[in-house]
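Comments concern the structure below.
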Amino acid sequence: EGYGLTNYIVRKAMQGADPFDQEREVPYQCFSYFVRDDFFVAVDGSGIETTDDMLGQNVYLLQPGWGTRAMFMEVMDEDPELKEQLTENVVNIDTADVAGAVEEGRIDAILGYGANEVNLPSWLAEVDARADLHTVDVSDQFRDVFESSPLVPYYEKPAYGFNQDVGDEIQGYQILFQYYISPEMPNDAVYEMLQIAHDHYESVQEG
């Protein structure tokens, strides 16, 4: 009756695109609850300073099987040749294994993310605690991909969430999460949920 998910998934469902076998009824949009900032970081000593430097290197591009991994790959379809070069030596492991792989020298750069300009996911926070990192500047050809794709907006903002100095700025693309409600949900129930979110927005944001 109510659920939170990305605009990307809603778009897929409305189009009847894979993995949805038919077009779905359009749900009612409630409110955005999560802005995810995806960006690139590199291991100190890797020689990677820009996204162009990542081509052909051992790069972690999120966990295989994740919807956000599939979304990134679809975004990169804007430039198939660039996508092929970037994924030449992609490292396919679970997020729980990333910090160890970085320490062992099996990963040179990471596609990571932050939440609502507050913090990092636990797996990236572990990498931050166990390895020296720096942010990667987005080159013109990668920026062109992000700005051309209808799936994501490009952004630049101050770095956040790291315990070490990784650089002043992160650059990349954003994934937007929103709550959606079934058209059959009683109006009173939706109103109550929205009223609680409005009255206690600071607690919601902190959570």
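Residue numbers start at 1 and run along the sequence shown.
Looking at heavy atoms from C-beta onward, Val59 lies out of side-chain contact with Val91 at the 4.5 angstrom threshold. When side chains are defined from C-beta on, Thr135 counts as touching Ile170, because their heavy atoms get closer than 4.5 Å. Proximity of Ile93 to Ile107: side-chain heavy atoms (C-beta onward) are separated by under 4.5 Å at one or more points. Met76 places a side-chain heavy atom less than 4.5 Å from the side chain of Phe142.
The OG1 atom of Thr87 lies 9.0 Å from the CG atom of Asn89; values are rounded to the nearest 0.5 Å.
At distances below 3.5 Å, at least one donor-acceptor pair connects side-chain atoms of Gln164 with backbone N or O atoms of Leu133. At least one donor-acceptor pair closer than 3.5 Å links the side chain of His134 to the backbone N or O of Ile48.
Donor-acceptor pairing under 3.5 Å is recorded for the side chains of Tyr173 and Asp38. The closest side-chain donor-acceptor pair between Gln141 and Asp79, if any, does not fall under 3.5 angstrom. If you check the side chains of Ser139 and Thr50, you find no donor sitting under 3.5 Å from an acceptor. Checked by atom type, the side-chain pair Tyr160/Asp37 shows a donor-acceptor distance below 3.5 Å.
Of all heavy-atom pairs between Val136 and Gln171, the closest is O-OE1, 4.1 Å. In terms of heavy atoms, Gly114 sits closest to Leu120 at CA-CD2, 4.3 Å. Contact between Val43 and Ser46 at its shortest, heavy atoms only, is O-OG, 2.7 Å.
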(message) Applying ring pair (Phe, Tyr, Trp, His ring centres under 6.0 Å) to Trp66 and Phe72, what does each step give before you reach the verdict?
(response) CA-CA 10 Å; Trp66 280 10; Phe72 173 71; over 10 Å; no
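Around atom CG of Asp21, more than 12 heavy atoms belonging to other residues, nucleotides or ligands sit under 6.0 Å away. Annotation for Glu81: atom CD does not count as buried by contact number, only 12 or fewer foreign heavy atoms lying within 6.0 Å. Around atom CG of Asp199, more than 12 heavy atoms belonging to other residues, nucleotides or ligands sit under 6.0 Å away. Enclosure of atom OH in Tyr201 is not indicated, since only 12 or fewer non-hydrogen atoms of other residues, nucleotides or ligands lie within 6.0 angstrom.
Paired with Val152 under the rule side-chain contact (heavy atoms from CB on, under 4.5 Å), one option of Met71, Gln174, Glu74 passes, and it is Met71.
The ring pair (Phe, Tyr, Trp, His ring centres under 6.0 Å) pairs that include a residue from residues 10-33 are Phe31-Tyr179, Tyr33-Tyr179, where partners are two or more places apart or lie in different chains.
Ring-plane geometry between Phe40 and Phe146 is classed as parallel, the angle between the planes falling under 30 degrees on a 0 to 90 degree scale with a further cut at 60.
The side-chain contact (heavy atoms from CB on, under 4.5 Å) check on Glu126 picks up Ala99, Arg130, with sequence neighbours excluded.
Using a 4.5 Å cut-off between side-chain heavy atoms of Ile, Leu, Val, Met, Phe, Trp and Tyr, Ile196 forms no hydrophobic cluster with any other residue.
Residues Lys157 and Glu169 are not paired through a salt bridge, judged by the lack of any N-O separation under 4.0 Å between the basic side chain and the carboxylate.
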